[in-house]
Amino acid sequence: MSAWRCFLIFIKSFFMRSLYFLGLIALFTSHFSQAQQARVTRHQATLQGTTALRDAEDKYNASVINLEAPDVEHNADKKKLKEIKEKMQQLYPRKATDVQQKKTSAVMLPAVSIGFIADSLSGIPPDNYCAVSNGNKAVAVMNSNIATHDATTGAYEYRKSLMAYSVAVGLNNSGVGGGVNYRFDPKVIYDPEADRFISVMLNSTNQYNWIVVGFSKTNDPSGEWNFYKFYGDIFADTTWFDYPAISITKNEFFLTGNQIKYNESWQAGFKQTLIYQIRKAEGYNGDSLLTYQIWDNIKYNDRPLRCLYPLKPGAALEEKEQYFLSNRNFDMSNDSIFLVKVPDTIGSTDTVLTITPLISSLPYGVPPNALQPDTTKDLATNDGRVLGGFVKGDELQFVSTTTNAANGASAIYHGVISNFRTAPIVSAQLISIDTLDFGYPNISYTGNVGGLNTSIITYEFSGRRTFPGYGAVFCDGAGYSDMLKIKTGDNSIKLLSGREQRWGDYSGSQPDWDSPGAIWVEGIFGRKDFRYGNYMARLTAPHFTAVNDAPVVKSPTSSVYPAPAWEYVNFEFTVADAQNFSFVIYDMAGRVVDQVLSTQCKKGKNIIQFNVAPLAPGTYILQAIGSKGEQIPVHKLVRK
């Protein structure tokens, strides 16, 4: 079997700058925040109408998918990216190994508490994303459909085409210009404070391009949605809006995308990235006019920033500020990261958008395409843009895809920006396995343990001996777990007639807002029929203790001794049913101190013994909760 060896790639001699130089860069960037001459303009959009998803007329839910491969030689942007990838492969050839599978990390794996196949009848590329409410209402979007599920069981509720779901905005291929309208690039987000959903999708390209935004009127996504539309060529400069990314603050919805010149490639046609800042409450209420503003002319050294990713909230919505990240995503090697801040809400007197250029400890570059068992078909990994990230306290974490110079594979680039509000410093590591390629990562916050922000990073994987699947690692703030295979693939993906098969362009991840330490995710796997499978799951961090999915059954007997303890302590307990248990230590304020162990326990009497020497003297709480809901009574643990 191929090696499943997650390893960290710290910056070493190949990419190393002198410490003195890095110190100067850190000093420079920590005190430098360049205010660009970004422009902000106020606008209003008219309510187009309301549609109830469950009642949308979509008798056949039919769509046509073109299975011909893109003509790379006559498509300038695809040809350029293909050339970059070929050069990267020459510089960093693949280095395969054949080592037996083994555990290589002391960091514990995340766990799957719920998992099911979501709507899987996608277009090309699948462009799958998800949102799940506190009431366990799940929304899955793909090209070109939207579906609702019961998140606790995975049961389908409704499935509609994006066109039928957003019928209220018009653009429905009737009358003049009939046949030019279609919906694509869907995204959806859940607002935990308003208990509502927001969706976005694009309509067509060039002069027919519109941005379509829907706001749910209630917490039921199968109910009514208020729809608004924004013309893609907003400044009448023959550009259209592409590749949306979304986030929310307490009062506003943020949407970013790239302006592309009509009928031109990204290289020649890219003009700039725009930021839309929209008042959420007006959309939820269905106001006749929706207030929003657009930030444009976002440049550094007179070069427009591309693919601005709006960082999502880690544990709570930001009050006013919204942060964004950008990089040089088409470069073969670069270490520049750009931190962008929109300072305040619409109507504020603070209208200065700031850009802080940063230097990462580890360069990134365009990733290679992913291999599959079918040697005639590869999976497209696109470029190195930021694909996920969150804000928590004074730290940002983000992920993208890059080339691992050590093995030539497509790897996950995990960046952390500490003290980002005052003196930002970027550190980065790679997550990679010798025999696999990774793509389309995302990340969500899972809690602060021992003063470190933890997270779960999800991604799609594939290899020469491994069908395309969906995986995850847990980051405890200092290291990474081995890979958890959320969903293994059943076959290679092969839909297009050419060699390169689409795989992305993104995947979904969000916190389970009612259960800190748990997240909801959605990604792609290869089905038996060579098509895209779409898998949704609820993952839990190793320190997760809350059990909301099953009734709690208390174990009848347990004891901790000796008390107090200065070296080893014993915890005896009885288990009613065999299951996995997590043993977690809390301080007396209820904060997680550390996880002792997560392991399978057999039915009947068990004992765990562990060393308390790493703990500072004091009184702690020891708790164990099983994956089937069995809870062992809480015990005090006194460290002498």
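Please read these numbers as outputs of a predicted model, since none were measured by experiment.
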Atom [atom1] in [X], atom [atom2] in [Y]: separation rounded to 0.5 Å?
X      : Y      : atom1 : atom2 : answer
Asn382 : Leu81  : CG    : CG    : 7.0 Å
Gln372 : Ser462 : CD    : OG    : 4.5 Å
Met536 : Ile486 : CE    : CD1   : 12.0 Å
Ile456 : Asn442 : CD1   : CG    : 12.0 Å
Leu305 : Thr256 : CG    : OG1   : 11.5 Å
Phe438 : Ile433 : CZ    : CD1   : 3.5 Å

Practice item. Quick one: list whatever passes ring pair (Phe, Tyr, Trp, His ring centres under 6.0 Å) with Phe390, sequence neighbours left out. Key: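 Partners of Phe390 under the ring pair (Phe, Tyr, Trp, His ring centres under 6.0 Å) test: Tyr445.
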We want to know whether [X] and [Y] form a side-chain donor-acceptor pair, criterion being a heavy-atom distance below 3.5 angstrom.
X      : Y      : result
Glu282 : Thr291 : yes
Arg306 : Thr273 : no
Lys487 : Asn534 : no
Ser444 : Ser509 : yes
Thr50  : Asn226 : yes
Asn369 : Glu500 : yes
Asn143 : Asp185 : no
Gln277 : Trp295 : yes
Lys85  : Thr381 : yes
Asn181 : Asn203 : yes

Exercise for review: Could you check Ile246 against Ile198 for side-chain contact (heavy atoms from CB on, under 4.5 Å), going step by step and ending with a plain yes or no?
Suggested key: CA-CA 10 Å; Ile246 60 177; Ile198 304 173; over 6 Å; no
Are any side-chain N or O atoms of [X] and backbone N or O atoms of [Y], one a donor and one an acceptor, separated by less than 3.5 Å?
X      : Y      : value
Lys485 : Gly471 : no
Thr401 : Pro367 : no
Asn128 : Pro126 : no
Ser247 : Leu311 : yes
Asn206 : Asn263 : yes
Asp287 : Leu289 : no

Closest heavy-atom pair and its distance - [X], [Y]:
X      : Y      : value
Lys280 : Thr249 : NZ-O, 2.7 Å
Glu57  : Ala164 : O-CB, 3.5 Å
Asp195 : Ser133 : OD1-CB, 4.5 Å
Leu317 : Pro313 : CD2-CG, 3.4 Å
Pro373 : Gly463 : CD-O, 3.1 Å
Pro368 : Thr403 : CD-OG1, 3.2 Å

Point to revise | Phe461 vs Thr466 side-chain heavy atoms within contact, under 4.5 Å | key: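 The answer is yes; the side chains approach within 4.5 Å.
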Practice item. Test side-chain hydrogen bond (donor to acceptor under 3.5 Å, both in side chains) on His43 and Gln293 and set out the steps. Key: CA-CA 6 Å; His43 307 265; Gln293 58 189 27; over 6 Å; no
Member of [options] meeting the ring-ring contact (aromatic ring centres under 6.0 Å, His included) criterion with [X]:
X      : options                        : answer
Phe197 : Phe253, Tyr190, Tyr284, Phe215 : Tyr190
Tyr506 : Tyr440, Tyr459, Tyr129         : Tyr129
Tyr231 : Tyr208, Trp210, Phe241, Trp240 : Trp210

Salt bridge [X]-[Y], side-chain N to carboxylate O under 4.0 Å:
X      : Y      : value
Glu252 : Arg279 : no
Asp374 : Lys494 : yes
Arg499 : Asp378 : yes

Check your understanding: Does the gap between the ring centers of Tyr323 and Phe398 come in under 6.0 Å?
Key -> no
Review point. Looking at Tyr292 versus Phe230, is the centre-to-centre ring distance below 6.0 Å?
Key: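 Between Phe230 and Tyr292, which both carry aromatic rings, the centre distance is below 6.0 Å.
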Check your understanding: Between Ile260 and Thr239, is a side-chain contact (heavy atoms from CB on, under 4.5 Å) present by the stated rule, with each step listed?
Key -> CA-CA 5 Å; Ile260 309 295; Thr239 61; over 6 Å; no
Practice item. Determine which pairs satisfy salt bridge (charged side-chain N to carboxylate O under 4.0 Å, His left out) with at least one residue from residues 216-234, sequence neighbours left out, and list them in order. Key: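 For residues 216-234: Arg54-Asp220, Lys217-Glu224.
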Practice item. Take Leu162 and Asn145 through the side-chain contact (heavy atoms from CB on, under 4.5 Å) test and state the conclusion after the steps. Key: CA-CA 5 Å; Leu162 294 177; Asn145 294 289; 5.5 Å; no
Practice item. Measure up the Phe324 and Phe254 rings against each other and bin them: parallel (under 30°), tilted (30 to 60°), perpendicular (over 60°). Key: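 Answer is perpendicular, since the angle exceeds 60°.
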**Study point:** Arg183 to Tyr165, cation-pi by 6.0 Å centre distance and 45° axis angle
**Key:**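 So Arg183 doesn't make the cation-pi contact.
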**Study point:** Residues Phe184, Asp127; criterion side-chain contact (heavy atoms from CB on, under 4.5 Å); working and verdict
**Key:** CA-CA 8 Å; Phe184 65 101; Asp127 287 354; 5.7 Å; no
Point to revise | Verdict with reasoning, Lys250 to Glu193, per salt bridge (charged side-chain N to carboxylate O under 4.0 Å, His left out) | key: CA-CA 8 Å; Lys250 282 184 177 291; Glu193 294 197 359; 2.7 Å; yes
**Study point:** salt bridge (charged side-chain N to carboxylate O under 4.0 Å, His left out) between Lys137 and Glu157, intermediate numbers included
**Key:** CA-CA 10 Å; Lys137 293 287 188 179; Glu157 293 179 344; 3.5 Å; yes
